[in-house]
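Hydrogens, waters and symmetry mates are skipped; everything else that's a heavy atom, side chains included, is used.
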Amino acid sequence: RKQMILKTMFSYLSLKTNTHSGSTFSFYGTTCFHLIWEEICKQAFHNALNKPLSDLGVSLTVNYKNRSRETLQDLIARPIWKINHKGKPTSIPASKTLIPDIIHIERITDGFAFCILDAKYYDIDHSKGQIKKQPGVADILKQYAYQMAYNSFISEHRFTTVRNAFV
């Protein structure tokens, strides 16, 4: 898969550079490589985050059939702030919620795998029996929170396995 991604990136960039005349130099770069890497990973892993539930290839249970037009992103609840406003308890839903990078559903031999992937661009060093420059605790907790948000969907649809990983 890594080789396929690299070959695809090379082909794309080669096509772009071949359209320029040979007498000029062109440089491509960005200070936001993480956005490019995330988009590449979304394409390579067929991100299903914003697909309707009915298009996931999984037989929806009774509880989700009436929600078939919703997406996996819609299944992540928004936090609700409970405040006391002018002496009255009030609930206010947050404007935002968690947004995973990639959700991939894969058919495997004995069912389906629910994959929660986070596009990382760290240059992890694991030499001399140590690990350095790895994703931090906050990254790990965020991945765990994504999995918790999907737990009922995963268990109700009897996914064979959950793969929660950094790419």
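Annotation: side-chain hydrogen bond (donor to acceptor under 3.5 Å, both in side chains) contacts of Arg107 (sequence neighbours excluded): none. For the side-chain contact (heavy atoms from CB on, under 4.5 Å) test, residues two or more places apart in sequence or in another chain that qualify with Asp139 are Lys120, Tyr122, Pro135, Phe166. The side-chain hydrogen bond (donor to acceptor under 3.5 Å, both in side chains) test applied to Asp55 returns no partner, not counting sequence neighbours.
Closest non-hydrogen pair, Ile108 versus Arg163, comes out as CG2-NH2, 4.0 Å. In plain terms, the two heavy atoms of Leu98 and Ala145 that are nearest each other are CD1-CB, 3.9 Å. Of all heavy-atom pairs between Leu60 and Ser68, the closest is CD1-CB, 3.8 Å.
Defined by atom type and a distance below 3.5 Å, a donor-acceptor pair is present between the side-chain atoms of Glu39 and Gln43. Side-chain N/O atoms of Asn50 and Gln73 include no donor and acceptor closer than 3.5 Å. Side chains of Asn63 and Thr61: a donor-acceptor N/O pair is absent below 3.5 angstrom, by distance only.
Checking side-chain atoms of Thr97 against main-chain N and O of Ala77 turns up a donor-acceptor pair under 3.5 Å. Checked by atom type and distance alone, the side chain of Asp125 pairs as donor or acceptor with a backbone atom of Ser127 at under 3.5 Å. Between the side chain of Ser54 and the main chain of Arg69, no donor-acceptor pair closer than 3.5 Å is present. His104 contributes a side-chain N or O that, together with a main-chain N or O of Phe45, makes up a donor-acceptor pair within less than 3.5 Å. With hydrogens and angles disregarded, no donor-acceptor distance shorter than 3.5 Å links the side chain of Asp101 to the backbone of Leu117. A donor-acceptor pair is defined here as one N or O able to donate and one able to accept, closer than 3.5 Å; such a pair exists between the side chain of Thr90 and the backbone of Lys88.
The aromatic rings of Tyr150 and Phe114 are tilted relative to each other, their planes meeting at an angle between 30° and 60°.
The OG1 atom of Thr160 sits 11.5 Å away from atom CD1 of Ile154, with the distance rounded to the nearest 0.5 Å. Atom NE2 of His46 sits about 13.0 Å away from atom CD1 of Ile105, to the nearest 0.5 Å. Atoms CG and SG, from Asn47 and Cys115 in turn, are 11.5 Å apart once rounded to the nearest 0.5 Å.
At least one side-chain heavy atom of Val58 sits less than 4.5 Å from a side-chain heavy atom of Phe159. Looking at Leu75 and Leu53, their side chains come closer than 4.5 Å, going by heavy atoms from C-beta outward.
In the hydrophobic cluster analysis, where Ile, Leu, Val, Met, Phe, Trp and Tyr join through side-chain heavy atoms closer than 4.5 angstrom, Ile99 is grouped apart from Ile102.
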Check against side-chain contact (heavy atoms from CB on, under 4.5 Å), Ile124 and Ile131: CA-CA 7 Å; Ile124 300 172; Ile131 188 162; 3.8 Å; yes
Given the rule in the side-chain contact (heavy atoms from CB on, under 4.5 Å) test, do Gln143 and Ile140 qualify, once you have shown the distances and angles that lead to the verdict? CA-CA 5 Å; Gln143 287 301 109; Ile140 294 166; 5.8 Å; no
Under the criterion side-chain contact (heavy atoms from CB on, under 4.5 Å), I'd like the reasoning laid out for Leu72 against Leu56: C-alpha separation, chi angles, the key distance, then a yes or no. CA-CA 9 Å; Leu72 287 168; Leu56 297 178; 4.0 Å; yes
